[in-house]
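The chains referred to below are lettered A, B, ... by the order of the sequence lines, with proteins before strands, and numbering in each begins at 1. Values reported hereafter were calculated over all heavy atoms of this structure, with side chains retained and with hydrogens, waters and symmetry mates removed.
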Amino acid sequence: EDDNAGSASTANASAAAQATKSADAAGATCTLQQYGGTKVDLNTATVGFSQSEKEANPFRIAETQSIKDEAGKLGIPTGNLKTTNADSKFDKQITDVSTLIDQGVQLLIIAPLNSDGWDSVFAKANAKHIPIVTIDRKINAKSCTNYLTFIGSDFAEQGKRAADKMAKALNNTGTVSILLGAPGNNVTTLRTSGFKDELAKVAPGIKIVFEQTGNFSREDGQKTAEQLLQANPNVNGIYAENDEMALGAITALKGASKKAGDVKIVTIDGTKGAVQGIVDGWIYSVIESNPRFGPLAFSTATKFFNGEAIPENIIIQDREYDTTNASSDLGLAY
Amino acid sequence: MAQAGRFPAWAFSGLLERGNMSEPLLEVTGVSKQFPGVRALDDVSFTLRAGEVHALVGENGAGKSTLIKVLTGVYRPDAGEVRYLGAPVSFAGPLDAQAAGISTIYQEVNLVPLMSVARNLFLGREPRNRLGLVDVARMNREAADVLAGYGITSDVRRPLGLMPLGAQQMVALARAVMIEARVVVMDEPTSSLEPREVETLFGVIRRLHEQGVGIIYVSHRLDELYRICDGVTILRDGRLVRAGRLADLQRVELVSHMLGRPVSAERSFTSFAGEHDAAAGTPVLRATDLNSRHRLAGVTFEVRPGEVVGLGGLLGAGRSETIKAVAGALPLDSGRVEVDGRTLRRPTPVSALKAGIAVQPEDRKAEGIALGLSVRENIALAVLPRLSTAGVVSERRIDEIVETFMTRLRIKASSPHQRVGDLSGGNQQKVLLARLLATGPKVLLLDEPTRGIDVGAKAEVQALIDELAAEGLGVVLVSSDAEELIEGSDRVVVLRDGAVVGMLRGDEVTTEHLMNVIATAAS
Amino acid sequence: MTAPADVKARGLDLARLRRLLPAYGVYVALLVLVLFNIGYTDNFLEWSNLRIQLVQVTPVVIVALGMALVIGTEGIDLSVGSVMALGAAIIPLYLGYGAVAAIILALVGGLVIGLVNGGLVAYVGLQPIVATLAMLVAGRGIALVLSSGRYKDIRDKDFLAIGTDSLFGVPYTVWIAAVLAVVVGFLVRRTVFGRRLLAIGDNRPAAVLAGVPVRRVLISVYIISGMLAAVAGIIQVSRIGSADASRIGLLIELSAITAVVVGGTPLTGGKVRVLGTVAGALLMQLLTATMIANNLRDSTAQMVQAVIILVAVYAARERRTR
Amino acid sequence: MSTVTTAPEAVERAEAASMRTERIVELVQRQGALAVLALVIVVGVVSFDSFRTFDNLGTVLISAAPPALIALGMTFVIVSGGIDLSVGSLYVLGGVLAAWASQYGTWAAFALPLVVCGVFGLVQGSIIAYARLAPFIVTLAGLLGARGLMLALSGEGANTYLVRTDAFKHFGTGELGGIGYPVYLVAVLFGAGMLLLYRSRFGQSVYAIGGSEDAARLMGVRIRSTQIRVYVLSGLLAGLAGAINAARLGSGVTVLGTGMELDAIAAVVIGGTLLTGGAGTLGGTIAGVMLLQVIQNLINQIGTVTSAWQTVISGAFIALVVVAQTYLARLRRVASG
Ligand SMILES: Nc1ncnc2c1ncn2[C@@H]1O[C@H](COP(=O)(O)OP(=O)(O)OP(=O)(O)O)[C@@H](O)[C@H]1O
Ligand SMILES: Nc1ncnc2c1ncn2[C@@H]1O[C@H](COP(=O)(O)OP(=O)(O)OP(=O)(O)O)[C@@H](O)[C@H]1O
Ligand SMILES: [Mg+2]
Ligand SMILES: [Mg+2]
């Protein structure tokens, strides 16, 4: 499926870029006319980017960097790309975006902290017909009215694919624990429901014995995994809803004197550390969630301003890593 | 006993008769109150009649304040009954008591320092406008009017805490009297008042008395009691010793009831021995030209070993400031402090202590002792380095020193591990003195060492000061009690507005001279 | 008339028992929780499980020890979590010079923040909660700037050994916490410093006039707290194997304060219970573990925790007579 | 400038001068946050075109509305000598409840969070007043409890209730003269708060118990009822802030409010209120809230400050303002002798 990774890093960069999976042919589309905006030349436009969390973990680092790089590539002057970071505070993100609008940005790229709660932003942005591209998390609202389009992964699908991998890893029998993401987060919700539903379908023999939050962090992932290994010493598989928690879980497994491969770990994200974990034998499989939104976001915007119809959901193709491709594709991981 | 003539006598003629005839306002029967380790009140009874000024006396820790707190609902008694206006009552708290007409001035000034004078005066009774909002303008106006009657003319909008202590006490008094009280309780109201203010207070008492208000008056100053009180109740160790007419009791009798042992009538009122044999040698302490903005202006004095130097002056004269400056606790703009001829550079409490200056601050609870710590830890606090090796304290050495001083100062505590906060005022003061003495000082700075402590403890402390001076310590003594100051000091340095205005030595050390110097400087 | 004999003889009455409860309440609660777990949680008594609980609780214990000292002076130190982050940010920067150098520099980081806290409290006269609140924000900011906001994986074997290796079957980290607890206990009970600290907490003006070098003691206390937090940060980093300045130590100040207060140290200063603090931290740790082990939901877990904190602190409160 | 002379006139002159200094210093200290705020605004106006727009003012004000309400309650709590760490959790809880209740109409959307958060405050206040536990600990437990309740109500945070009533939504997003409705509500509540704090007997009791609880008790102030009312007020305002925010966001967002309590405390302290209680003004609190908002706004105006530096700047600012205030306060003490 994936093209073979070249050894040169430049080759990697392009290979690692996002590809759209479905243009959702049946889905609605949106044109500049429908949206009611005016044509903007991106090379001279001011663009606002609102990041939700600190650029501390690889996903956020790669995401922000990709937006900045692409803006640079398009020749957008540095001062014209306004970035804000909400530091995981939702109120702050709302304010950030409002401020960006007040500053007169002509395109908004938002990595939302939360899917709901954007009414006031819409009220403001829609009045000025500023197109909003939401990336990585979807916003629950009307596309082409409230926002232009969503570019990102299908989280439920990621959970589903993880379940398939887990079923395969355990041969449809055994016990599994889930390290949940941060509570109240729709990424958590969808990755959980997708996983559970699919697992019930394809491998009813696998029992979920434990699900506790690891807050998407390595530290909490490790702590929770340590506790879970005490309560369920014979657990066969761990589904971590992101790579950080999986890496924490590996440390926990080592601490509990488990060997690589004793417990099958399936995780989502595709960071270097996790893919390396496959190479080292600790992780069974990683479902990718590709953060390099820059090229796709800007090309979509360009198309939009050129009058082309834009689909309401642009679901990207996420890779998956396992023993077959981990060492060769390590360069594609972020 | 030369106190006759010190205050103009005014007679309460005919009061006793009226008082005795009227119905009891407040009646306490068989009240007991137990605190952890102490029986503060034991089967105490007490009666107050309308128009009576009733003295409540006893040594420190006799249970006076506790009895008052029981009356006003601060404490609940373990046993016994309180009857007010003929009916048994159990107040839920001071507010309840106040609403019923019992108003109290507590021993420590109990007002809120950060709030304005007017707001303190009216707290809970603020005048309100039609909207139910506090009428600030009217409140300030009325407050100014009321306080003018108590000789206070400062801006009532300023925070209370910026006023001198005596003025604060007057505000508390005004506040207590403002409600239409049937009973006014005064727990040591004069301990921070200067003579003029004491007269104002007595004027108020007279007015209340004429209105038929019953007054409970607690004080350790016997001459005050004899001037204004009709009845007396004496407590000792939480027990009722005697109740009756004050006029029937000789002063000596009263004291011996309080102490529980006979007292010789010949003894002087204070226990100072008189002149000390001050060596003519080099001064142990020399303060030169101490200056601190708005507080001290060029204070200079010296103290020789074995000498007690009194600091005289009215309230706010700068006596406490002088003491604090010498002890390094008040930043100086200029000036020099020498101990044994050696100059302290940049005096701080630490360096002053090292040089041999020990200070007993005026406000025992706020600056003196650590109430939550034990007697033992308080005594050892200032000498810890000496009782330790390489920063590790030696419990044995602490025990020794604590034992020594508890015995020497006759500190009454259930054990060295008792919380100091649970001791009576006099014993707290002794613990504080023990801490000073434990440092082996060359100079003792004592600011109001006998304030708020009973005759017994007072005598002990005074005798101790003599003893220490005799041992060769230099002592600086501040006391608002003119008699104590005069009898205790070999020389008196008189201060006013932070500056030295006179010096009494030898035969000049008399009350008359002191008053004279203060009066002359004032004019 | 000192110490009437009958007062001592009547020692074991109800009032005395009630006075003992604040001192020993936390141990009773701990015991109850342990008994509950023995009954209802699988594998609870396994050494591996106890070991994990001990290992997980060490950072909180270490931070809480410093916090107890600060609280003893009537202060509070909200900056501890940020100090941990600062330590975490410093370590990868200097691991190149060896584990020891990195550790020393991380400790220096804690020392500096402690110094600033102490300076603001002792010299500038800020209220501790305000001073350390400012450092809570700024400290993490500095940590983030130092680490460019990114986490770094740690590969240094020597350094990682702190978090993973054991001595006599007990992990190094637990030994470290135990030794520190003993040292702090000794500090409070047996040293000049400890007594001065308590005197300051009880009555600061009095301590000043008693010739206690108040500022020096206060600064030392905040420095100790900062350095202990740095130790906790080091331990945490070596345990996780990565240094993430944006997450490490988040909200640990609240856990530490809870441990201290549940352990019977009043927030009003003048008293420090070191063993109680350790027990308080263990209690909260076991509580979390119990709820995770029994797969309780987060919502329930938080509400149960709230109630337990209140009950424990209620039992440990100092009674006033009325 | 020493007062070595003892001549009474000289002393009097010095007194008068010191009184004058004292007034000025007092003014600066009380309004310190305001002064810094003015300074920051001037810097912003000079440096950024987009800062001095009316739109931007509207954004700053509407963003400040919920934190201002929380800080309003926090001011009462802190003046009374307490602290309330539960407000962040109550804020989220209030939002979730408001969004859920909005299906029963606008009034329900306001009433439910007010009732629940008010009861939460009542419980906390009662524990503080009767069991005499430290407010810090009680409200810390409240922080956990309220968040737990919020998670339980929202299916561990997975369910976000959407606001169903347009009227309620409109209240959150609608504007009058370019300024959001909630801002007017907050302004009115601050006015009422000022009357309550400065001009009511309750307000006097709040200052009294914060200034000296023992003295207040002996002066007959009802300590317990005052304490309880203060925490109820704080709970109510946090709940209301949550409701307003829910109306504005159009849903009961569950990922809010962490660290909100510290922001509120910082705002109050920057506003010159003593954390030890007994003194403080609501004017200062407004200035404190606005200062934090405007700094954030300026950081956004620059648009390239990394999140790491943002944190450093905020912390430094808090430290700076508070240190400056403390020095001024000391100056004042010296001036007044
Ligand atoms: N809250 C308390 N807890 C424990 N013991 C107390 C408490 N209050 C008072 N005591 C003790 O009760 C006894 C009586 O104290 P009280 O304050 O009534 O004495 P007092 O006669 O007013 O003395 P003073 O003249 O020093 O004011 C003392 O031994 C004191 O230590
Ligand atoms: N002009 C003044 N304005 C305001 N406060 C003053 C003024 N003068 C003195 N005070 C305050 O009054 C108090 C009493 O002053 P100080 O302690 O120097 O007097 P003192 O002679 O020691 O009197 P005592 O010790 O009997 O109270 C001090 O706290 C001082 O700050
Ligand atoms: Mg008394
Ligand atoms: Mg004085």
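When the salt bridge (charged side-chain N to carboxylate O under 4.0 Å, His left out) test is applied to B/Arg419, the partners found at least two apart in sequence or on another chain are B/Asp422. Shown here are the side-chain hydrogen bond (donor to acceptor under 3.5 Å, both in side chains) partners of B/Arg138, two or more places apart in sequence or in another chain: B/Glu142.
Residue B/Arg182 qualifies as open at atom CZ: its count of foreign heavy atoms under 6.0 Å is 12 or below. Within 6.0 Å of CZ on B/Arg125 lie more than 12 heavy atoms contributed by other residues, nucleotides or ligands.
The two atoms that bring D/Ala215 and B/Leu111 nearest to each other are CB-O, 3.4 Å, heavy atoms only.
With values rounded to the nearest 0.5 angstrom, D/Ser212 atom OG is found 9.5 Å from B/Leu114 atom CG.
The shortest side-chain heavy-atom distance between B/Asn129 and D/Arg199 falls under the 4.5 Å cut-off. With a 4.5 Å cut-off on side-chain heavy atoms, D/Met219 and B/Asn120 count as touching. Side-chain contact between B/Val74 and D/Leu218 is present, with heavy atoms from C-beta onward closer than 4.5 Å.
At a 4.5 Å heavy-atom cutoff, the contact between D/Tyr198 and chain B is made by backbone atoms alone. At a 4.5 Å heavy-atom cutoff, B/Asp96 makes no contact with chain D through either its backbone or its side chain. For B/Glu126, the parts sitting under 4.5 Å from any heavy atom of chain D are the backbone and the side chain alike.
Heavy-atom pairs under 4.5 Å with chain B peak, among D/Gly277, D/Gly210, D/Ala208, at D/Ala208.
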